[in-house]
Amino acid sequence: MSQYVKRVLSDLIEKNPGQPEFHQAATEILESLEVVFDKHPEYEKAALLERFVEPERVIMFRVPWTDDSGKVHVNKGYRIQFNSAIGPYKGGLRFHPTVNLSILKFLGFEQILKNSLTGLPIGGGKGGADFDPKGKSDNEIMNFCQSFMTQLYRHIGPDVDVPAGDIGVGGREVGYLFGQYKRIRGAYENGVLTGKGISFGGSLIRPEATGYGAVYFAQRMLERVGDTVKGKTVVISGYGNVAWGAAEKVTQLGGKVVTISGSKGYVYDENGLDAEKIKYMLEIRASKDLGIEDFAKKFNLPFFKGEKPWGVKADIVMPCATQNEVNLDDAKKIVANGTRCYVEGANMPTSNEAVKYLQENGVFVAPAKAANAGGVAVSALEMSQNSQRLSWTSEEVDEKLKAIMINIHDSAAQTAEEYGFGYDLVKGANISGFKKVAEAMMAQGII
Ligand code: NDP
């Protein structure tokens with residue numbers, strides 16, 4: 001690594017203690033960007049990298065709410081407004097007990113490059129709370145969302161910062177958040193949030209977009225070597241929004257999804273999920289009481305308690321649950337099973353050393369910021385539809401999504417090639433996403 005990049009990275013690690021996920025994401029990204037800084041010595045003079053790794057603004061707030069028994073709880077709420085060089089901050093809200101500053105900073109940092117890769121004018125942000133929606137009633141979720149938005153509303157807006165969903169935040173939560181925003185602002189600014197219901201400005205295909213997009217990305221990777229998804233065995237982790245969309249698209253394209261999982265273990269279906277099972281994923285995702293074990297029970301499938309699905313033989317592996325699901329040992333199993341295509345649906349599901357091992361052993365790796373950008377891309381299409389008072393059909397949105405995913409793949413592949421990294425999509429995506437942000441930051445002066 002160049003001295004400049006090395007120094008900024010070591011300062012980042014020193015100045016952000018106790019933030020391992022942020023360190024991990026920054027290490028992976030900065031390692032890839034070294035070549036860009038070699039070509040642009042003027043960036044160092046403008047302290048571009050020091051500014052790039054520092055969020056423009058970090059907002060933290062208290063979220064008090066009352067449960068159904070009248071007990072008062074307090075959670076921590078956050079919004080990281082990381083970078084607005086190419087557009088308003090854009091990125092999801094995550095409600096999960098593990099949420100902290102480190103996780104949101106890694107997600108926000110990745111989001112800058114992901115959003116740039118879509119080719120759409122959106123900056124990077126991320127937020128959420130350490131609230132656990134599991135086991136909560138609708139009323140409790142609404143109380144929480146209203147309290148959360150009562151703090152957040154003053155920091156967001158259609159041209160300022162446009163949050164969306166993520167883990168624990170789906171259509172229901174976005175609805176409650178939007179309702180409270182509208183009530184406080186006294187204006188119908190539906191471009192303030194994406195992932196909304198269709199009746200109040202949501203886009204068709206938004207729920208499916210991340211999973212569909214990841215499969216379109218896989219399809220493009222296979223096309224490059226004259227292959228298709230048809231007939232391929234696919235291992236997916238997670239059973240949430242992204243896993244569901246991916247499972248549906250793989251199945252539509254003639255592939256066979258043999259696993260899904262949750263934090264308690266994985267389900268194996270040797271025949272591959274069918275439409276009924278894929279639909280049931282939505283039910284357990286929305287249910288207060290059901291979990292992944294109930295999926296196994298309902299369809300009489302083997303359930304591997306406490307285990308992850310990485311030992312299952314597959315042509316394509318798609319981690320779609322959460323960060324750090326795949327470590328070096330898991331990567332060894334994936335390589336040993338002869339997998340060719342590894343596509344990250346979740347954000348940073350793979351440790352840096354596992355990514356390196358997969359790549360060194362002939363597995364094509366599609367990094368999250370490229371492969372899962374379909375969700376935010378359709379969110380940006382939702383923003384366009386809101387501002388132009390339009391609603392595109394499913395087919396129109398799906399076509400645009402597919403074109404965007406192909407474009408992201410090709411631009412990452414071309415950039416990697418141009419910089420001498422062959423077909424390294426990890427490096428290609430980082431460099432390609434960064435170039436546009438860097439140019440915009442340079443043009444906008446020292447801010
Ligand atoms: P959901 O809340 O719909 O589903 C999350 C899934 O991950 C569930 O299967 C859940 O299982 C599992 N999970 C969550 N936390 C953990 C954990 N700590 N350990 C193990 N499993 C866990 O979320 P999404 O599907 O929306 O998001 C999944 C991933 O995709 C995340 O990394 C997210 O950032 C990323 N992503 C999502 C986008 C979107 O459009 N939704 C866009 C781009 C990226 P269980 O309930 O059993 O814990």
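When a ligand or atom number is given, it counts from 1 through the structure's own listing order. What you see below is based on every heavy atom in this structure, not just the backbone, and it leaves out hydrogens, waters and symmetry mates. Small disclaimer: the values here were computed from a predicted structure and weren't measured.
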Donor-acceptor pairs under 3.5 Å, side chain of residues 343-354 to any protein atom, not counting sequence neighbours: which ones?
from   : atom 1 : to     : atom 2 : distance (Å)
Glu344 : OE1    : Ala368 : N      : 2.8
Glu344 : OE2    : Thr350 : OG1    : 2.4
Asn347 : OD1    : Lys114 : NZ     : 2.8
Asn347 : OD1    : Asn372 : ND2    : 3.1
Thr350 : OG1    : Tyr342 : OH     : 2.7
Ser351 : OG     : Ala354 : N      : 3.2
Asn352 : ND2    : Gln24  : O      : 3.1

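Smallest separation of non-hydrogen atoms from Val229 and Val250: CG1-O, 4.2 Å.
Applying the side-chain hydrogen bond (donor to acceptor under 3.5 Å, both in side chains) test to Lys126 and every residue at least two apart in sequence or in another chain returns Asp166. For Asp294, there are no salt bridge (charged side-chain N to carboxylate O under 4.0 Å, His left out) partners at least two apart in sequence or on another chain.
Using a 4.0 Å cut-off between a side-chain N of Lys or Arg and a carboxylate O of Asp or Glu, Lys402 and Glu399 do not qualify as a salt bridge.
With 3.5 Å as the limit, one finds a donor-acceptor pair spanning the side chains of Lys369 and Asn430.
Sorted by chain then number, the residues whose non-hydrogen atoms approach ligand 1 to under 4.0 Å are Arg94, His96, Lys134, Asp166, Ile167, Gly168, Arg206, Thr210, Gly238, Tyr239, Gly240, Asn241, Val242, Ser261, Gly262, Ser263, Arg285, Cys320, Ala321, Thr322, Gly345, Ala346, Asn347, Asn372.
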